[in-house]
Amino acid sequence: MTLLALEDVVIRYGQAVAVDGVSLAVGSGERVALIGPNGAGKTSVLNAACGVIRPAAGRVEIDGRVLTGATPAAVVRRGISQVPEGRHVFATLPVEANLLLGAYGRVFRLEIVSSTLRYLRSKRDVREQLERVYELLPKLRELRERPAGRTSGGEQQMVAIGRALMARPRLLAIDELSLGLAPLLVQSLAEFLVRLNEEEGVAILLVDQSAALAFSLCERAYVLETGRIVLDGASRDLEGRSEVRSAYLGGGPEDPA
Amino acid sequence: MTTFFQFVVVGISTGSVFAIVGMSLVLVYRATGIVNFAQGVFAVLAGLLTYSFVQHMPLALAAMLATLATALVATLVAVVAVGFRGRTTHLASLIITVGIAIFAEAVLLAAFGEVPRSYPAISDRAWEVGGVLIQPQYAVLALVALAAAFLLTLFLRRTIVGQALVASADSPRAAELIGLNLRSIAVIAFAVAGALTAVGGVLLAPTVPVSYSSGLTITINGFAAAVFGGLVSIRLALLGGYALGVLQQLVVGYVDSQYSLIIALLVMLVLIGWRSRGELAV
Amino acid sequence: MSAELAAQGRAARRRRVGAARVAALVGATVFACWLPFQLELGDVGLYDRMGLYALVAIGLTLLMGFAGQVSLGQGGFFLIGAYTSGLLTMGLDADTRLVDPQAGIDPLLAVAIAPLVTAGIAVVIGIPLMRLRGHYLAFATLAFALIAWSLLYAQDSFTGGQYGVTVTKRLVVAGHEITGATHAAVVWGLVGLALLLSTNLVSSRVGRALQAIAANEPAAAASGINVALYKLQLFVFAAAMAGLAGGLFTFFAQFLGPEDFGIIVSLLFVVMVSIGGLGSVYGAVVGAVTIVYAEHKLRELGTHETLLGWDLPSTAPSILSLGVFGLLLIVIMLFFPHGLLPGIAGAVSGMRRRLSRRSTP
């Protein structure tokens, strides 16, 4: 069952075309990667999928329903959560508040009465989900009172992931998991994501500069260059191709030590 | 010596209004990144509305209705000031609020005329403490400012809505991704700030009659208090407001009353310079 | 070889276009200077004011367009320029002013000094000011204008306070009295000169640096451009223009009073720039003309007894002006943040593109 599908999506910023007819799909329970060099348009694709940007052309479908141009809140409600590039934790708020907001963010709309009712009704479920997230990421329980800005990079990444998980997503979209993190940490996060996928059934869409990470974590991958998908297929097959090896594996910049 | 304390007492009460407006500006800025140049208008509007309503109903009811009406107007201002997502920069929003402030002057002038309006204070009988006269109105103003600081801080730290406001400022991008609607956040922030400023205006009018043109000075004084807190600290805005009020009264009392606005402006300039000292010109 | 010739051809074409533009500008300026002598007496004053405000707007649009600095305080420099030329002309000692015919200096000298004074002040306050960003700068410039205006009242023995100062001496150059239509012609001549200088500026090395700063400040700084210095220069230039306009204003009104220099004047300059487009000096002129004309019409409208069936109060002129200008500022910033004219031009060319695309199969 296809969770997320992008069809011929075109994204423009003013006159410049950032994404030129991209199609991709993520099925439920899959782990899929989107790799490519800096500026290829990977974040734009994610933003279109998550309702942050409205594509100039093309369709975004979630569960087969056309949701092009929906608001981010609607996308979250349909089960897709994004962990943004650079983490973007709410620095002045404690970790637990960060997590709770991940659950409540989509609850609030301007209709005060209905929002309040929704908030009150969901409190118990949210508390339960909070406990689940603490079980999955025990470090966060230790840090629950700490202002999120005063945690390390790796911890912030966990906060961001936990925050996204609070919305009970069926698909977790992650933008640049490895950015600025030590390889060992990235490895343990990757292992966590695999467990999350296999045990909880959460699909993963990973956008990353590190093709090695992407291939090791995901079964399928798309290669995006200057706004177009140039290659796609099983990670195993892509890894073996010479153009991929030279451009993205071994030929490219090393992971930060 | 009693004159000195008299000035201080009056200063704390006028300073309370600056503090209230300052804290309102901080709230809006923290939630939206916008500095609301029209904040002072809310105080004036509430005062003038109370003046109108009080002709037909008891003061307390008039004040509440005026505050509510002002909060509603504030939500309208929010929508206009926030503008279009991605197209309207923070600076453009500031200029929009300048336009709103100008437009509001026209509306207030048309609706209420030129004459400054007022209505009776809470009580005419002043308390005397050690030779210093304290009007109950002053005391209420100072207490309201203090209470507001306390409640606002609580609101931002402990309630989910307040935290959502802070989150939007910490990272608008992430806030959007978890489903927060930035325009709704702005409306909430403006409404709360508008209501708070309205209360300040309602309490101010009995001591200093307000008219259509009072908004600018109130905004400037409030901004000076807010700058004391770097535009982000509620408590420092409170302190800054009191300090500015006292300083102004001392200057008015001991030097020359013509200089009260100039003093506020110079203080604001100094504070702006102090708060910007880390930033280089690029 | 042919590429070189092509490049030479392009450069020659640019020079021809440039020369044509300059000729057009000179022609337009000559026309603008001739015009006031053909206008009715009542309209000359309006025309003069348009030119004076245009001078201020030209300075401000460069500041806002290229340095990205919003100044809500140009009215302050305008005020300082006016009072400098006025008080120097009438004599700095308030007691002897109206009595001693020898008091004060030659008006021409006073007018020349006015922009120097404002420029000097701008250098002093500009150095700390140009460090500021966005809202801090807006409030700081506003504070400057307000302080200047408040000082008028606070030092009223010197400045004449709310009663103002009557300027009895006239501006005389080489035996000719510069009043009325002549004054307007001089003002518009200066506008033409300012436009000429600005267009020259844009194509020079300085202009290219300014373009770079406007496009991407950090990148410009990284490539070695002294951004702070350029911003300061633009600020000083804008102040000088406002000071010059103010200095000339004194001999247009022959009277100095606080009412002409309220805060709304500073804000109106921002509206003018918004109409014409940030950075566009021709747009600034259009903006100034539009606003002065609109203000005049609104004031006229406001003095009617009734409007659309409603009785108009005595404050109607103010209500209409404030209302319209406030609304204008809101609408422009919402829908045309780079300026009204550029926005409209963009929409028109966008429509033209769409229409031409449709006609091709």
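Reminder, nothing fancy here: chain letters follow the sequence lines and each chain counts from 1.
Going from atom CD1 of A:Ile80 over to atom CG of B:Leu177 covers 12.0 Å, rounded to the nearest 0.5 Å. Note: B:Arg173 CZ to A:Glu85 CD = 7.5 Å, rounded to the nearest 0.5 Å. Atom CG of A:Leu99 sits about 10.5 Å away from atom CD1 of B:Ile178, to the nearest 0.5 Å.
Using a 4.5 Å cut-off between heavy atoms, B:Ala175 touches chain A through backbone and side chain atoms alike. At a 4.5 Å heavy-atom cutoff, A:Arg77 makes no contact with chain B through either its backbone or its side chain. In this structure, chain B has no heavy atom under 4.5 Å from any part of A:Thr71.
A:Arg144 CZ: more than 12 foreign heavy atoms inside a 6.0 Å radius. Counting non-hydrogen atoms of other residues, nucleotides and ligands closer than 6.0 Å to CZ of A:Arg141 gives a total above 12. No more than 12 heavy atoms of other residues, nucleotides or ligands shown are found within 6.0 angstrom of CZ on B:Phe150. Within 6.0 Å of atom CZ in A:Arg132, 12 or fewer heavy atoms from other residues, nucleotides or ligands are found, so the atom counts as exposed in its surroundings. Within 6.0 Å of atom CZ in A:Arg12, 12 or fewer heavy atoms from other residues, nucleotides or ligands are found, so the atom counts as exposed in its surroundings.
Closest approach of B:Asp170 to A:Phe90, counting heavy atoms only: OD2-C, 3.4 Å. Considering every non-hydrogen atom in both B:Glu176 and A:Val52, the closest pair reads OE1-CG1, 3.8 Å. Taking both residues in full, the closest heavy atoms of A:Leu101 and B:Ala167 are given as CD1-CB, 3.6 Å, listed atom of the first, atom of the second, then distance. Smallest separation of non-hydrogen atoms from B:Gly179 and A:Ala73: O-CB, 3.4 Å. Here the closest heavy-atom approach between residue A:His88 and residue B:Ser171 is recorded as ND1-OG, 2.9 Å.
Between chain A and the residues B:Asn181, B:Ile160, B:Val166, B:Leu180, the most heavy-atom pairs under 4.5 angstrom are made by B:Ile160. Chain B forms the most heavy-atom pairs under 4.5 Å with one residue out of A:Val89, A:Asn98, A:Asn47, and that residue is A:Asn47.
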